[in-house]
Amino acid sequence: MNTIVTDVLIIGAGLAGERTAIEAANQGLDVIILSLVPPRRSHSTAAQGGMQAALGNCAMGRGDNPSIHFEDTVKGSDWGCDQDVARLFCETAPTAVRQMAYWGVPWNRVAAGRKRLPGGQEIYELKEYEGLITARNFGGTAKWRACYTADGTGHTIQYTLDSIVIKLGIKVHDRMEALRLIHNGDKCMGVVARCLRTGKLYTYISKSTVLATGGCGRLYGASTNAVINEGSGMFLALETELVPLGNMEAIQFHPTGLVPVWILITEGARGDGGYLLDKNHHRFMPDYEPKKKELASRDVVARRMIMHMRKGYGVESPYGPHLWLDIRHLGEKHINTNLREIANICRNFAGIDPVNELIPVRPTQHYSMGGVRTNINGAVYGIKGLFACGEAACWDLHGFNRLGGNSLAETIVSGMIVGKKAAEYTLGTELTYSYQQVNNHYNIVRQKIKNIIGGKLNKKRHENVFELKNIMEDVLMKHVGIFRNGKDLLKAVNALQELYHRSRNISLRSSGTGASPELGLALRLPGMIKLALCVAYGALKRTESRGSHYREDYPRRDDKNWLKRTLAYWPEEKDLPCLKYEPVKITEIPPGDRGYGESPGKGGTS
Amino acid sequence: MKNRELTLNIFRYDPNIPGREPYMQPYSLQETEGMTIFIALNQIRENQDPSLKFDFVCRAAICGSCGMLVNGRPRLACKTLTRDLPEVITLMPLPVFKLIGDLSVDTGSWFRQLSIKTGAWVHSDKSFNPNCQEERMSNETALKIYEAERCIECGCCIAGCATANIRDDFLGAAGLYKIARFMVDPRDERPEEKYFDVVSSEEGVFGCLGLMACEDNCPMELPLQVQLAYVRRKMALIGFRV
């Protein structure tokens with residue numbers, strides 16, 4: 001057994017993981033980050049748009065403050081978020097953005113003078129704010145608040161954070177995949193991991209462990225997420241049988257995934273003035289949402305788009321109906337600088353030049369609001385010494401719908417806070433573990449691998465891991481999408497249960513030796529199917545509509561019965577999660593009308 | 001368009017198995033509309049050979065994971081369309097970098113070493129004050145830094161560079177681009193002389209043979225030669241001074 005010991009072990013080297021690591025290392029602790037890929041390849045780098053923080057420097061953001069940000073976040077969440085967490089987050093975000101500037105992020109800055117917006121409105125940037133961090137418009141917000149670096153916000157933040165990780169000498173073990181949490185039923189003591197260079201197993205022993213593994217978008221067949229976003233931290237926590245996942249049914253669909261490769265076209269495109277058009281080139285969003293138009297909350301825009309296509313206004317294509325995103329009127333210069341990443345994606349992956357052509361788009365799985373349930377300190381429910389942050393976690397900033405730009409901000413802010421709390425915990429605890437317990441967990445993993453590679457003879461059926469994965473993706477796409485209903489959700493649960501049983505008979509087509517990619521997937525897939533079941537079953541049981549969770553058979557929000565958070569546990573040897581619920585903390589703003597989106601007026605084109 | 005039957009000749013080698021020699025393995029594949037090397041390789045892994053190793057993360061030309069030689073030229077596989085290639089496609093791992101297996105190479109460690117060697121972070125004696133407004137910067141300067149930070153560390157410029165293929169210690173276009181990024185940043189308080197030792201040698205700007213393959217091969221279409229000239233000019237000026 002190869003064993004490595006550290007104070008703080010962080011799983012995931014995206015923005016949340018690296019920011020946590022910096023905080024813990026600054027407390028003098030020994031920190032190791034494990035990552036599937038080199039840090040700068042993390043999915044965080046793909047975030048194009050921006051990071052919400054109420055700085056109030058730009059003309060359209062003037063008068064902004066954390067309280068307005070808080071109000072937007074709570075409304076956006078459809079009152080599903082934890083208001084203490086949202087308050088803490090909004091108050092911390094401005095400092096987080098400024099610290100990133102101090103470390104080197106080249107945020108776009110206010111340039112004084114008169115400007116004309118694509119809609120015709122004239123704004124005036126004041127001299128006194130010149131050179132301070134500016135912001136762009138994102139959906140569902142009262143002010144322009146998304147701080148950005150041209151078209152590569154995630155890229156610059158990740159490169160800057162990673163430069164600090166390098167400067168501080170924090171150890172990153174990349175191409176190392178955590179397979180199992182080591183614990184004694186009370187306390188987490190590290191992980192068993194597999195090296196993706198050699199296939200060798202390692203045990204990492206730590207005083208505290210932080211899950212920062214990102215989302216689980218790849219449960220769905222059409223997702224904007226990177227191919228590594230398979231929810232591993234979530235199922236590692238679930239498989240302890242002690243830790244619940246919160247609100248897994250809350251899945252965000254981004255309005256503009258590029259058809260048919262499902263690469264994200266950032267909300268910045270609409271924030272900067274882009275329109276959504278139907279097959280008649282009619283701009284339909286103002287019909288449904290006269291006030292916010294294309295910039296209503298994401299869940300609202302995505303539903304309006306699907307609704308409009310159902311009415312027959314979609315553009316037919318071999319990949320199903322889609323709509324158009326039109327940014328032509330923003331002009332060549334703006335597109336080729338501020339929206340260059342999008343322009344390149346359109347050119348490279350769809351053969352389209354958005355300066356002159358329309359972009360085919362359809363709502364696409366984008367984000368999981370749910371995740372490993374933690375308290376406001378990022379401490380995971382049910383087990384000591386385990387923390388979680390970023391998209392992997394549900395400390396519950398987003399409730400049932402996340403605002404654009406709040407995810408990047410969350411990675412940094414939660415990294416700061418959770419890093420500090422994990423460090424405090426670590427400084428106050430001793431490294432205690434029994435060799436026997438560590439060995440038990442190690443042997444469970446070894447046995448699993450043995451069963452997959454060598455168990456061919458004992459199995460009645462030999463299931464193909466790729467085939468099972470494709471079925472799971474299709475089931476979620478078809479039955480657990482934007483519009484949901486009891487009948488389809490039940491179908492999904494049944495299909496996924498069957499799939500879960502089949503996943504116990506996976507046999508490899510290859511030898512599975514060394515760093516076999518097939519073995520890697522075979523080890524992950526049963527956990528992924530568990531997550532899919534948490535999503536589908538949670539959605540089936542939640543008989544109301546809230547944020548991104550929309551039930552055609554229960555179209556109204558039901559605060560009387562459902563102002564609560566789903567907690568999904570997984571008892572071993574069961575093929576369904578056990579659902580419990582807890583109340584949502586309302587401290588400042590009682591549930592009310594969202595003020596935009598889902599207005600009683602049905603809108604619609606003639 | 002009539003879809004073709006493609007042949008992909010793929011380099012196979014597992015350095016973890018002693019005594020095994022590298023070889024080329026051909027795979028046949030029906031071309032589909034809009035097919036990229038990303039799609040093709042995943043289809044091969046799913047349907048023909050699940051042992052095949054390659055790296056993809058974002059599959060959107062943002063993360064820099066999937067550099068490989070496509071018919072001899074360094075390319076990001078995710079954004080390489082098969083329709084732009086002949087029916088027979090040869091895929092090899094990027095040279096210069098340590099081979100992990102088949103098409104997978106360790107660009108991550110190479111670039112990490114580069115960052116350590118060049119001190120690729122903002123060097124400043126100032127400390128962060130959470131209660132203060134951010135320091136001002138003109139938007140033009142911000143955009144200039146951003147332009148200098150757009151390298152995605154895919155390694156295509158390094159793999160196609162004659163010097164990098166001969167000298168282990170050559171910083172390459174990506175390395176010099178990285179140095180320029182900190183030179184243009186007013187927050188970095190390093191005097192230019194600080195860079196002199198690392199940059200003004202055969203390892204640095206003066207190792208470049210000027211063949212310009214780096215710029216031709218850059219998937220981000222970065223002005224690598226312009227930045228290289230900028231660094232070289234700065235170093236030459238210091239050279240006159242010292």
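In this text the structure is predicted, and so the values were computed from the model without any measurement. Naming convention: chains lettered A, B, ... in sequence-line order (proteins, then strands); numbering from 1 in each chain.
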*Return yes when atom CZ of B:Arg190 has more than 12 non-hydrogen atoms of other residues, nucleotides or ligands closer than 6.0 Å, and no otherwise.*
yes
*Heavy-atom distance under 4.5 Å to chain B: side chain of A:Ser223, backbone, both or neither?*
backbone
*B:Cys58 and A:Ala226: which non-hydrogen atoms are nearest, and at how many Å?*
CA-CB, 4.0 Å
*Output yes when a side-chain donor or acceptor of B:Asn16 lies under 3.5 Å from a complementary backbone atom of A:Arg197, and no otherwise.*
yes
*Heavy-atom distance under 4.5 Å to chain A: side chain of B:Asp185, backbone, both or neither?*
side chain
*To the nearest 0.5 Å, what is the distance between CG (B:Asn139) and CG (A:Leu132)?*
11.5 Å
*Who wins among A:Glu518, A:Arg98, A:Glu467 for the most heavy-atom pairs under 4.5 Å with chain B?*
A:Arg98
_Quiz question: by atom type and distance under 3.5 Å, do the side chains of B:Glu46 and A:Asn470 form a donor-acceptor pair?_
yes
*Is chain A contacted by the side chain of B:Ser138, its backbone, both, or neither, given a heavy-atom distance below 4.5 Å?*
backbone
_Distance in Å, A:Trp103 CH2 paired with B:Trp121 CH2, rounded so as to fall on 0.5 Å steps_ = 14.5 Å
*Can you tell which part of B:Asp188 gets under 4.5 Å to a heavy atom of chain A, answering side chain, backbone, both or neither?*
neither
*Highest number of heavy-atom pairs under 4.5 Å with chain B: which of A:Ser42, A:Ala111, A:Ser163, A:Pro38?*
A:Ser163
*Highest number of heavy-atom pairs under 4.5 Å with chain B: which of A:Pro318, A:Gly152, A:Gly514?*
A:Gly152
*asked:* Please classify the contact between B:Glu147 and chain A as side chain, backbone, both or neither, with a heavy-atom cut-off of under 4.5 Å.
replied: side chain
*Quick one: are A:Phe466 and B:Arg45 in side-chain contact, heavy atoms under 4.5 Å?*
yes
*Got A:Gln99 and B:Pro130 here, is their nearest side-chain heavy-atom distance under 4.5 Å?*
no
*Salt-bridge contact A:Asp162-B:Arg112 (side-chain N to carboxylate O under 4.0 Å)*: yes
*asked:* Below 4.5 Å, heavy-atom pairs only: which of B:Cys63, B:Cys132, B:Cys154, B:Gly108 has the largest tally toward chain A?
replied: B:Cys63
*Quick one: what part of A:Ala96 sits under 4.5 Å from any heavy atom of chain B, side chain, backbone, both or neither?*
neither
*Any chance you could measure B:Asp14, atom CG, to A:Thr513, atom OG1, to the nearest 0.5 Å?*
7.0 Å
*So which part of A:Arg340 gets closer than 4.5 Å to some heavy atom of chain B, the side chain, the backbone, both or neither?*
side chain
*Answer yes or no: is there a donor N or O on one side and an acceptor on the other, between the side chain of B:Arg136 and the main chain of A:Glu130, under 3.5 Å?*
yes
*Gap between atom OH of B:Tyr146 and atom OG1 of A:Thr156 - 0.5 Å precision*: 7.0 Å
*asked:* Nearest 0.5 Å, please: how far is OG in B:Ser104 from CG in A:Leu196?
replied: 9.5 Å
*Using non-hydrogen atoms only, which part of A:Gln158 is less than 4.5 Å away from chain B: side chain, backbone, both, or neither?*
neither
*Side chain, backbone, both or neither: which part of A:Asp151 has an atom under 4.5 Å from a heavy atom of chain B?*
both
*Locate the shortest heavy-atom distance separating A:Ser510 from B:Pro50; write the atom from each residue and the value.*
N-CG, 4.0 Å
*By a 4.5 Å heavy-atom criterion (distance strictly below it), what part of A:Val105 contacts chain B: side chain, backbone, both, or neither?*
backbone
_For A:Lys115, I'd like to know if atom NZ has over 12 heavy atoms of other residues, nucleotides or ligands within 6.0 Å._
yes
*Per-residue contact mode, A:Thr337 against chain B (heavy atom under 4.5 angstrom)*: neither
*What are the two closest heavy atoms between A:Pro106 and B:Ala142, and how far apart are they?*
CB-O, 3.5 Å
_Most chain B-contacting option - heavy-atom pairs closer than 4.5 Å, from A:Arg175, A:Glu341, A:Gln48_ = A:Arg175
_Before you tell me yes or no, could you show the steps for B:Thr107 and A:Arg41 under side chain to side chain donor-acceptor pair (under 3.5 Å), namely the whole-Å CA-CA distance, both residues' side-chain angles and the distance that decides it to 0.1 Å?_
CA-CA 11 Å; B:Thr107 47; A:Arg41 315 276 188 232; 2.8 Å; yes
*Indicate yes or no for a side-chain donor-acceptor contact from B:Glu134 to the backbone of A:Tyr102 under 3.5 Å, with no hydrogens or angles considered.*
no
*Can you list the steps and then say if B:Glu149 with A:Thr160 is a side-chain contact (heavy atoms from CB on, under 4.5 Å)?*
CA-CA 10 Å; B:Glu149 190 159 80; A:Thr160 298; 4.2 Å; yes
*B:Cys66 portion near chain A, given a 4.5 angstrom heavy-atom threshold*: neither
*asked:* Can you tell me which of B:Gly34, B:Ala120, B:Ser115, B:Gly64 forms the most heavy-atom pairs within a distance under 4.5 Å of chain A?
replied: B:Gly64
*asked:* With a 4.5 Å cut-off on side-chain heavy atoms, are B:Ile62 and A:His155 touching?
replied: no
*Could I get the full list of ring-ring contact (aromatic ring centres under 6.0 Å, His included) partners for B:Phe56, not counting sequence neighbours?*
B:Phe38, B:Phe54
_A:Arg109-B:Thr141 side chain donor-acceptor pair, cut-off 3.5 Å_ = no
*Residue selection (most heavy-atom pairs with chain B, distance under 4.5 Å) from A:Val97, A:Thr134, A:Val37, A:Thr224*: A:Thr224
*Looking at B:Leu52, B:Asp106, B:Asn129, B:Thr80, which has the largest count of heavy-atom pairs under 4.5 Å with chain A?*
B:Asp106
*Under 4.5 Å between any side-chain heavy atoms of B:Cys78 and A:Phe349, yes or no?*
yes
*Less than 4.5 Å apart, any side-chain heavy atom of A:Tyr319 and any of B:Glu33?*
yes
*Answer with side chain, backbone, both or neither: which region of A:Pro39 has an atom nearer than 4.5 Å to a non-hydrogen atom of chain B?*
side chain
*Any side-chain heavy atom of A:Arg40 sitting closer than 4.5 Å to one from B:Cys151?*
no
_Selection from B:Gln133, B:Lys126, B:Lys53, B:His123 maximising heavy-atom pairs under 4.5 Å formed with chain A_ = B:Gln133
*With a 4.5 Å heavy-atom cut-off, do B:Asp49 and A:Arg509 have their side chains touching?*
no
_Any non-hydrogen side-chain atom of B:Leu143 less than 4.5 Å from a side-chain atom of A:Asn108?_
yes
*Can you tell which part of A:Ile133 gets under 4.5 Å to a heavy atom of chain B, answering side chain, backbone, both or neither?*
both
*Identify which part of A:Asn229 has an atom lying under 4.5 Å from any heavy atom of chain B, answering side chain, backbone, both or neither.*
neither
*At a heavy-atom separation under 4.5 Å, does B:Arg187 approach chain A through its side chain, its backbone, both, or neither?*
side chain
*Answer with side chain, backbone, both or neither: which region of B:Ala61 has an atom nearer than 4.5 Å to a non-hydrogen atom of chain A?*
both
*B:Ser51 OG to A:Leu508 CG distance, which is reported to the nearest 0.5 Å*: 11.0 Å
_B:Glu135 portion near chain A, given a 4.5 angstrom heavy-atom threshold_ = backbone
*Segment of B:Lys178 engaging chain A (4.5 angstrom heavy-atom cut-off)*: side chain
*Tell me, side chain or backbone of B:Leu81 under 4.5 Å from chain A's heavy atoms, or both, or neither?*
side chain
